[in-house]
Amino acid sequence: MTQGLQFDSQGRLKHFLTIEGLSRRTILEILDTAESFISVGQREIKKVPLLRGKTVVNLFFEASTRTRTTFEIAAKRLSADVINLAISTSSTSKGETLLDTVRNLEAMHTELFVVRHSLAGAAHLIASHVPPHVHIINAGDGAHAHPTQAMLDVFTIRSHKGEFEKLKVAIVGDILHSRVARSQIQALNALGAAEVRVIAPKTLLPTAVERLRVVPYSDMRRGLEDVDVIMMLRLQRERMRGALIPSEQEYFRVYGLTPERLARAKPDAIVMHPGPMNRGLEIDSAVADGSQSVILPQVTNGIAVRMAIMALILGPPAEVRPAARRGTRATA
Amino acid sequence: MNPALDIEAAIERMAQSLHGLLKRQPVMVGIHTGGVWVAGRLHRKLGLADPLGTLDISFYRDDFTRIGMNPQVKASNLPVAIDDRHVILVDDVLHTGRTIRAALNEIFDYGRPASVTLAVLIERPGRELPIEAQVVGEHVKLAARQHAKLVGGPDKLELTIQETGG
């Protein structure tokens with residue numbers, strides 16, 4: 001169902017809801033496009049006129065400073081008008097439904113909604129009810145998906161490590177509840193990564209995790225052996241209240257990324273984290289701020305990747321796009 | 001149509017015309033893709049001190065909402081500050097003028113040049129905007145349905161004329 005929703009009749013991205021089912025070609029098209037947007041952020045005037053006159057609404061039903069800010073900067077660098085709505089303090093608390101909220105904003109001639117919601121499937125639900133000229137980007141829905149985070153992660157990996165076919169990647173932490181991990185695994189597998197490992201206590205691994213095409217480890221030291229990339233996940237403290245892990249100290253003792261554990265990976269391995277980090281819980285400050293950390297470049301790359309996704313999905317309607325795309329330049 | 005267009009001779013004529021600007025220590029900028037090839041030749045012939053700049057105007061096109069992203073955008077690169085500098089903007093074919101308009105917009109996002117001189121290898125009829133080249137390698141008469149494209153770069157430049165229909 002998502003596939004039909006996510007693409008138009010010409011097979012081009014209409015919404016960006018999940019990595020699941022995206023072809024390697026589509027993912028690479030996004031990464032290549034993002035590459036060209038990197039230079040925009042390095043200019044004195046960090047702005048291009050691509051989305052001038054378009055309106056983007058950041059519709060955040062769940063708080064997130066970092067993701068919302070990078071979407072806002074991305075849209076503004078494309079010259080779109082951006083409105084930020086933190087809905088938990090607005091209409092839905094007065095009894096308005098999710099779709100009522102979107103319909104009202106739609107009536108204000110919005111072209112793109114960036115949606116974050118604590119319930120899995122919220123972005124899909126909205127996408128299935130908006131008219132053809134309105135586009136939806138999923139900025140994280142429950143434990144389901146966080147596709148733009150996964151795209152910026154693989155973009156960062158490619159910019160540091162090149163092609164994926166020889167890479168061993170370890171994802172460490174709460175795999176069971178992580179929408180980031182789910183989307184990362186899908187992206188890495190679509191790109192042909194040599195091996196994707198997941199490292200977590202058994203209570204934080206999904207049952208039959210191998211079906212996700214990953215190799216599970218509960219032993220952190222063995223799991224990190226010879227990997228090229230370590231992707232740490234943020235540990236939600238409520239998991240401790242749910243008795244899925246014993247205590248912060250115990251978790252850090254066994255699964256925290258310390259310089260000693262990092263030494264098990266390849267010497268040039270990179271360390272990633274989607275943020276915000278719990279220093280001393282999942283990652284040691286010496287690693288987070290160390291020479292192998294690419295955590296801040298991830299944030300920078302997130303802007304270019306989100307610019308690319310917005311530009312690609314806000315392109316022309318399906319009926320004119322394919323023919324026009326045959327030429328590299330229509331005007332001279 | 002000019003079937004036997006001598007591109008090297010046209011570039012040489014451009015270089016001769018641009019010679020008078022050298023005292024202003026100009027910065028040369030080529031527009032992807034053909035313009036960069038021509039600019040590369042001119043840059044060498046004129047022995048300019050500053051490195052060659054390149055522009056990809058894909059993000060500045062006025063037809064984005066009709067044709068979408070160019071999947072092969074090349075990053076623009078202006079290696080020196082252009083504030084108060086004299087810029088020589090180079091493209092392969094001047095047709096409607098829309099590419100040049102986009103290039104000017106992009107240049108002004110990098111800074112405020114003292115002047116911009118437009119140098120094109122081929123000038124053809126069909127202007128849709130009031131844009132004029134100061135330096136032209138060759139004037140080519142083409143019908144509206146014909147499309148001129150520089151190919152074979154950067155080494156063996158060749159102008160192809162295609163019938164675009166309609």
Side-chain angles (χ1 to χ4, degrees), chain A residues 8 10 12-14 25-26 28-54 74 77-80 111-112 133 135 304 307-332, chain B residues 31-35 54-78 81-83 91-103 105-112 120 122-124 126-129 131 142 147-150 162 164:
Chain A
D8 65 20
Q10 306 291 318
R12 299 191 182 278
L13 270 182
K14 184 179 170 198
R25 195 175 135 268
T26 302
L28 289 176
E29 183 186 16
I30 294 169
L31 298 184
D32 291 343
T33 307
E35 201 83 57
S36 56
F37 279 117
I38 287 284
S39 65
V40 175
Q42 293 160 349
R43 299 181 187 180
E44 194 157 322
I45 296 177
K46 300 172 181 58
K47 227 173 172 56
V48 294
L50 223 51
L51 299 190
R52 199 153 53 98
K54 305 279 187 190
R77 287 196 181 159
L78 293 169
S79 302
E111 280 90 5
L112 173 64
H133 67 279
H135 306 267
M307 287 171 80
I309 293 167
M310 287 184 190
L312 286 168
I313 69 172
L314 275 175
E319 62 271 22
V320 296
R321 189 171 181 170
R325 284 170 66 101
R326 279 200 290 271
T328 53
R329 203 194 292 167
T331 59
Chain B
I31 301 175
H32 276 299
T33 304
T54 61
L55 282 185
D56 187 310
I57 55 94
S58 297
F59 299 150
Y60 289 77
R61 299 175 63 116
D62 57 14
D63 54 0
F64 167 72
T65 53
R66 287 192 289 130
I67 71 158
M69 284 294 299
N70 174 358
Q72 284 135 8
V73 181
K74 298 170 179 69
S76 296
N77 177 30
L78 294 190
I82 58 162
D83 279 323
D91 204 3
D92 52 354
V93 181
L94 173 58
H95 179 196
T96 63
R98 289 175 190 270
T99 296
I100 303 304
R101 183 208 68 100
N105 281 4
E106 182 161 11
I107 284 173
F108 275 80
D109 275 359
Y110 280 91
R112 185 181 182 279
V120 297
I122 302 298
E123 187 212 42
R124 58 160 294 173
R127 213 75 71 247
E128 294 169 2
L129 298 173
I131 283 174
L142 292 175
H147 180 69
K149 188 173 168 61
L150 195 64
Q162 295 163 341
T164 53

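It should be emphasised that the depicted structure is a prediction, and the values quoted were computed from it without experimental measurement.
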task: Decide yes or no on side-chain contact (heavy atoms from CB on, under 4.5 Å) for Val48(A) and Tyr60(B), but give the supporting numbers first.
output: CA-CA 7 Å; Val48(A) 294; Tyr60(B) 289 77; 3.7 Å; yes
message: Tell me which of these, Leu50(A), Leu51(A), Ile38(A), Leu78(A), has more heavy-atom pairs under 4.5 Å with chain B than the rest.
response: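 Going by pairs under 4.5 Å, I would pick Leu50(A).
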message: Using the side-chain hydrogen bond (donor to acceptor under 3.5 Å, both in side chains) criterion, which residues pair with Ser36(A)? Sequence neighbours excluded.
response: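 Ser36(A) satisfies side-chain hydrogen bond (donor to acceptor under 3.5 Å, both in side chains) with no other residue.
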Nearest 0.5 Å, what's the [atom1]-[atom2] distance between [X] and [Y]?
{"X": "Arg43(A)", "Y": "Asp109(B)", "atom1": "CZ", "atom2": "CG", "result": "6.5 Å"}
{"X": "Glu44(A)", "Y": "Tyr110(B)", "atom1": "CD", "atom2": "OH", "result": "11.5 Å"}
{"X": "Ser39(A)", "Y": "Phe59(B)", "atom1": "OG", "atom2": "CZ", "result": "6.5 Å"}

message: Is Lys47(A) close to chain B through its backbone or its side chain, or both, or neither, when contacts mean heavy atoms under 4.5 Å?
response: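 Backbone only.
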field: side chain to side chain contact (heavy atoms under 4.5 Å, CB included) involving Arg112(B) - partner list, sequence neighbours excluded
entry: Asp83(B), Phe108(B)
